[in-house]
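As structure tokens, the structure follows; a few thoughts come after it.
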Amino acid sequence: MTPVVYKNRLTALRALLQEQDLDGLLVSCPENRRYLSGFSALDSHLHETSGFLLISPDAAFLLTDFRYREWAQAEAPLFEVQIYTKGMAKLLSELVGQMGARRLGFEGPFLMYATYQKIVQEAEAAGLQVEWRPLENFVELLRAVKDPEEISLIRKSLAITERVLAQVGATLRPGLTEREVAWRLEQALREAGAERPSFPPMVAAGPNAARPHHHPGERRLQTGEPIIIDMGAVYQGYCSDMTRTFYLGEPDARFKEVYTIVRRAQLAAETGIKAGMGTDEADGLARELIAAAGYGEAFGHSLGHGVGLAVHEHPSLSPVKERAVVLQAGMITTVEPGIYLPEWGGVRLEDMVLIHAEGARLLNQDRTFYQFD
Ligand code: ZN
Ligand code: ZN
């Protein structure tokens with residue numbers, strides 16, 4: 001990303017702060033930290049953070065520990081890197097004191113309770129009068145609408161995924177275990193230029209394909225069963241996410257029926273989705289078709305989700321009306337209807353689309369779907 005991108009993002013964030021009457025924001029979500037600063041370190045664990053951002057109308061700090069100093073300075077030139085030696089909470093309260101901030105936002109879903117307690121205690125001990133306001137989907141709102149550089153990175157990430165899925169998909173044979181196929185995918189992803197998979201590849205064969213988030217195990221692929229493969233790459237920080245359902249041998253009537261319904265539902269959503277539409281409405285494009293075919297109960301997850309620095313991000317194409325948001329041009333989401341039948345298996349097909357005013361552009365190049373009459 002060019003430095004001007006980060007400058008623009010900070011400007012947009014500061015406008016949001018002003019709108020919400022906040023004197024600053026503490027950022028602890030790793031993807032938000034990278035999005036705003038450029039600092040690309042991951043958090044190795046839920047409570048192994050590689051740093052925080054503190055952003056006010058006229059200051060931008062990156063708080064981290066000694067191990068990340070050089071890295072942070074190199075990648076986040078718009079931020080003043082501050083190293084905590086006596087704990088992050090102490091340093092934070094010093095900086096907040098200097099800023100004279102009264103109302104600070106923090107990311108509720110991304111701050112551990114114990115860390116929050118320490119922050120509040122340190123601020124009180126320092127005699128600061130600060131109101132800590134938990135926020136949800138704040139920086140995420142900015143992240144949801146992609147800029148041209150991000151779109152091109154996501155396209156590259158998806159191209160790697162498509163190439164690998166086609167390559168490994170062609171090697172599926174009876175007798176291979178789910179785990180062996182998952183390893184082939186992971187290996188091929190890295191060889192094709194991915195920095196890592198965007199999540200551990202999912203390979204679910206036979207009845208396991210009835211579990212939307214199955215973990216690959218020792219089950220062997222067989223003829224006469226659906227096999228769901230869901231996978232993605234990370235390329236320069238940006239994720240892709242794609243699912244195809246395979247079948248070894250001559251498809252039976254049930255597979256043909258279920259597959260055809262899922263594919264029709266996917267096409268209905270891909271051709272109908274557009275900016276200005278509610279996320280629940282978008283979900284309905286596919287859900288109504290699946291329900292009308294009698295499989296409504298078997299499609300128990302949302303139609304899709306945003307993809308960017310995180311593989312699952314805002315917005316969610318969920319059927320829940322109360323949580324709906326309006327789709328905007330520049331958002332990238334998945335379209336992934338599925339039908340899952342316990343003891344038999346399932347079918348899921350997942351593409352990625354770029355939303356625009358009149359519709360959506362399909363980002364996938366692969367169109368090798370089964371077609372049954
Ligand atoms: Zn997926
Ligand atoms: Zn997905």
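Since we're looking at a predicted model, the values are computed, not measured. Keep in mind that the numbers below use all heavy atoms, side chains included, and drop hydrogens, waters and symmetry copies. Numbering of ligands and ligand atoms starts at 1, following listing order. Here, residue 1 is the first one in the sequence, and each next residue gets the next number.
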Query raised in the report: If you look at Glu350, which of its N/O/S atoms is nearest to the Zn ion (ligand 1)?
Result: OE1

Query raised in the report: Can a donor-acceptor pair be found between the side chains of Glu257 and Tyr295 at a distance below 3.5 Å?
Result: yes

Query raised in the report: Of all the N, O or S atoms in Asp241, which one sits nearest to the Zn ion (ligand 2)?
Result: OD2

Query raised in the report: Do any of the N/O/S atoms of His312, backbone or side chain, fall under 2.8 Å from the Zn ion (ligand 2)?
Result: no

Report task. Look at the rings of His312 and His213 and say which category their plane angle falls in: under 30° parallel, 30 to 60° tilted, over 60° perpendicular. Result -> parallel

**Report entry** N, O or S of Glu336 under 2.8 Å from the Zn ion (ligand 1)
**Finding:** no

Query raised in the report: Of all N, O or S atoms in Asp230, which has the smallest distance to the Zn ion (ligand 1)?
Result: OD1

Query raised in the report: Has the side chain of Glu122 got a donor or acceptor atom that lies under 3.5 Å from a matching backbone atom of Ser93?
Result: no

Requested in this report: Find out whether the Lys NZ or Arg CZ of Arg133 is both under 6.0 angstrom from the six-membered ring centre of Phe106 and within 45° of the ring's axis.
Outcome: no

Query raised in the report: Which class fits the ring pair Tyr370 and Phe372: parallel under 30°, tilted 30 to 60°, perpendicular over 60°?
Result: parallel

